[in-house]
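These values consider heavy atoms only, across backbone and side chains, with no hydrogens, waters or symmetry-generated copies.
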Amino acid sequence: MTDFVRILTRKNSLRKQCQELSTEDISKIIADLTNILDEHKEQERARSEAEQVKIEKIEAIRQAMADSGIAFEDLKELVPSAPKKKVQAKYRVIVDDITHEWSGRGRTPVVFQQYFDANSCSKESCLIK
């Protein structure tokens, strides 16, 4: 919380800051804050109305689906899901006749770290060409 907000939200701090202000200045500040409050209330009301319209549309779609005997799971089966992107392997080591591959992302796999330690090499020596 900033000092400005801390002063505005604490009555005694606000009173101390307003000691040197004239009555006209305080009235102007109150009017400005009232305008800001009204703007915030209007924005909240507009967001609330937009959310309500969205909920009503969803309910209308849900009701239309129920009337036609379509379940959400039926639609879900028809919509293809985005395939997960397979990250290409960037490094390869062969340990005990088993090929291990690693994309280079995340923590170094134990097999790779053991290989690096045993052969005193770095991951650049295992790059797939």
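Considering CD1 of I70 and CD1 of I61, their distance stands at 12.0 Å, rounded to 0.5 Å. A distance of 10.0 Å separates CD1 of I26 from CD of Q19, quoted to the nearest 0.5 Å. If you take OG on S125 and OH on Y91, they are separated by 10.0 Å, rounding to the nearest 0.5 Å. The line from CD1 of I94 to OG1 of T99 is 4.0 Å long, rounded to the nearest 0.5 Å. With rounding to the nearest 0.5 angstrom, the CE atom of M65 is 4.0 Å from the CG atom of L75. K76 NZ to D74 CG: the interatomic distance, rounded to the nearest 0.5 Å, is 12.0 Å.
I55 and I58 are members of different hydrophobic clusters when ILVMFWY side chains are connected at heavy-atom separations under 4.5 Å. A continuous path of Ile, Leu, Val, Met, Phe, Trp and Tyr side chains, each step under 4.5 Å between heavy atoms, connects V95 with W102, placing both in one hydrophobic cluster. Following chains of ILVMFWY side-chain contacts shorter than 4.5 Å, one can reach L127 starting from V93, so the two form part of one hydrophobic cluster. Both F4 and L14 are part of a single hydrophobic cluster, where members link through side-chain heavy atoms under 4.5 Å apart.
With a 6.0 Å radius and a threshold of 12 heavy atoms from other residues, nucleotides or ligands, E49 has its CD atom above the threshold.
Side chains of Q113 and D117: a donor on one and an acceptor on the other come within 3.5 Å.
For the salt bridge (Lys or Arg N to Asp or Glu O under 4.0 Å) condition, the pairs that include at least one residue of residues 15-34, sequence neighbours left out, are K28-D32.
Of the charged side-chain nitrogens involved, at least one lies within less than 4.0 Å of a carboxylate oxygen, so that E59 and R62 count as a salt-bridged pair. With respect to the salt-bridge test (charged N to carboxylate O, under 4.0 angstrom), the residues K41 and E44 do not qualify.
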